[in-house]
Amino acid sequence: MRYVSTRGGMVPQTFTQILLGGLCPDGGLAVAESYPRIGAAELAAWRKLSYAELAYEILHKFCDDIPAEDLKALCAKTYTKAVFRTEAITPVKTLEPGLHILELSNGPTLAFKDMAMQLLGNLFEYALEKSSQRINILGATSGDTGSSAEYALRGKHGVNVFMLSPHGKMSPFQTAQMFSLQDANIFNIAVRGVFDDCQDIVKTVNNDAAFKARQRIGAVNSINWARVAAQIVYYFRGYFSVTKSNDEEVAFAVPSGNFGNICAGHIARMMGLPIARLVLATNENDVLDEFFRSGRYRVRPSSQVAQTSSPSMDISKASNFERFVFDLVGRDSELVKRLWSKVDAGGEFNLAGTPYFANVKEYGFVSGSSTHADRLATIRRVYKDYGVMIDTHTADGLKVGLEHRQAGVPLVCLETALPVKFAETIREALGRDPDYPPGCENLESLPQRFEVMDTDAGAVKAFIARHTGL
Ligand SMILES: *Cc1c(COP(=O)(O)O)cnc(C)c1O
């Protein structure tokens with residue numbers, strides 16, 4: 001399996017070559033040269049596999065330059081009950097016949113990002129050890145991504161993590177999750193500023209090519225291909241859990257931000273998984289809903305991004321969306337390059353009226369959006385009717401999923417976080433505190449380890465250099 005750039009300007013690479021990288025040299029995203037097709041016999045055999053076994057079978061097709069035995073061991077080490085608190089890894093909760101929640105938030109940070117990030121941590125360590133390299137991960141987070149990366153990389157050989165977050169602006173639970181880590185390779189930097197300031201610092205540091213090379217600065221952001229690949233697995237697992245035979249079709253409802261999660265669903269469908277529909281749900285930040293309804297992709301300036309009660313979906317542009325558009329336009333990289341030259345300049349493009357946009361239906365996509373009031377109503381209704389507490393992001397997905405529900409087609413709503421992470425909105429909706437999963441009860445009273453700094457890229461660089469000794 002080789003990887004090419006959505007913009008056509010990269011010599012085909014192997015999985016291991018793109019694992020530690022970010023954007024392709026031409027600014028595009030790495031995509032598989034073609035998608036493996038899963039035949040009926042293979043699909044039937046996969047139904048019986050454990051999560052770790054299934055992960056190996058799927059990932060083996062995408063990372064064929066990792067020896068089979070090594071990849072098998074990495075999958076077995078990642079998808080365990082010890083890490084995901086349940087034998088099933090991604091159990092299904094059935095609300096009523098034909099309506100299910102696929103639990104993806106049983107990992108260490110109680111959000112679905114752990115599903116991919118835990119594997120990525122092990123893949124990183126493996127690849128670095130093989131090539132005797134070290135890497136220093138520098139990132140900015142407003143919540144889920146940063147903590148998921150830290151829990152995946154804590155204690156790993158060859159990696160340090162320097163994670164910037166806006167001082168005092170994350171929820172108390174999210175802050176405690178990150179700052180209570182005492183591992184020597186994890187560095188939390190609380191920046192006196194907002195999330196955009198943190199991102200600007202990361203950009204400034206990366207623009208210093210000499211510093212970046214000397215410190216071997218890397219990233220684990222949402223465009224990382226291995227993260228998307230690892231997420232394909234739970235679409236297959238979820239499908240098997242709610243069907244009896246491989247003739248049945250199901251629909252998935254996906255709370256979406258950077259289009260990473262649903263991009264994996266798209267790839268699962270391209271591989272031949274019988275997915276009738278992929279229902280894309282946004283919150284008030286409806287960049288993606290606007291595209292799927294109208295053909296217009298209009299990136300918003302960050303001043304126009306609303307702060308909502310499903311904050312992990314508060315995005316101005318969807319960084320993985322280019323991967324889907326590449327397929328939608330028949331893998332015409334020249335066209336993708338033209339479209340994104342407008343996007344990258346802060347502009348927009350419109351595919352309305354083109355044969356490409358007419359294809360959206362053939363790719364199974366439909367969409368919708370939800371508001372704070374919708375989230376509250378959905379959380380209340382699910383709690384009242386089924387006795388199940390869901391978080392705000394999952395509520396966005398369920399609300400939009402139900403709007404597109406088809407008779408006779410099971411609807412699987414992806415749970416992307418546990419309610420305990422967004423306690424304030426749960427209290428507003430239900431008038432009570434969310435349940436704490438076992439082991440998390442005193443998280444907020446544990447000692448915290450972090451460094452407060454001004455919005456100053458120079459100070460961050462000095463901090464990194466001091467701790468790496470490079
Ligand atoms: C990251 C995140 C999302 C959005 O997922 P994408 O892959 O960026 O579309 C949704 N919900 C939660 C809780 C998240 O952390």
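First listed ligand is number 1; within each ligand, the first listed atom is number 1. For the numbers below, each heavy atom of this structure counts, side chains included, while hydrogens, waters and symmetry mates do not.
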Q: Check ring pair (Phe, Tyr, Trp, His ring centres under 6.0 Å) between F195 and all other residues, then give those that pass, not counting sequence neighbours.
A: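 Listed in chain order: nothing, the list is empty.
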
Under 3.5 Å, sequence neighbours excluded: what are the donor-acceptor pairs made by side chains of residues 257-269?
| unit_1 | atom_1 | unit_2 | atom_2 | d |
| --- | --- | --- | --- | --- |
| N258 | OD1 | S319 | N | 3.2 |
| N258 | OD1 | S319 | OG | 3.3 |
| N261 | OD1 | Y234 | OH | 2.8 |
| N261 | OD1 | Y235 | OH | 3.0 |
| H266 | NE2 | D327 | OD2 | 2.7 |
| R269 | NE | I275 | O | 2.9 |
| R269 | NH1 | E362 | O | 3.1 |
| R269 | NH1 | Y363 | O | 3.3 |
| R269 | NH2 | E362 | O | 3.2 |

Q. Less than 6.0 Å separating the ring centroids of Y79 and F84?
A.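 Between Y79 and F84, the centre distance is under 6.0 Å.
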
Q. Taking the six-membered ring for Trp, are F240 and Y51 ring centroids under 6.0 Å apart?
A.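 Not close enough - the centres of the two rings lie 6.0 Å or further apart.
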
(Q) Using the salt bridge (charged side-chain N to carboxylate O under 4.0 Å, His left out) criterion, which residues pair with K61? Sequence neighbours excluded. (A)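 With neighbours one apart ignored, the set is E42.
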
(Q) Whether the side chain of N320 engages the backbone of S222 through a donor-acceptor N/O pair (distance < 3.5 Å, no angle test) should be reported. (A)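 Between the backbone of S222 and the side chain of N320 there is a qualifying donor-acceptor contact (under 3.5 Å).
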
Q | For ligand 1, the residues whose heavy atoms come within less than 4.0 Å (ordered by chain, then number) | A |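 Contacts of ligand 1 under 4.0 Å: F112, K113, D144, P255, S256, G257, N258, F259, G260, N261, S312, M313, H393, T416, A417.
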
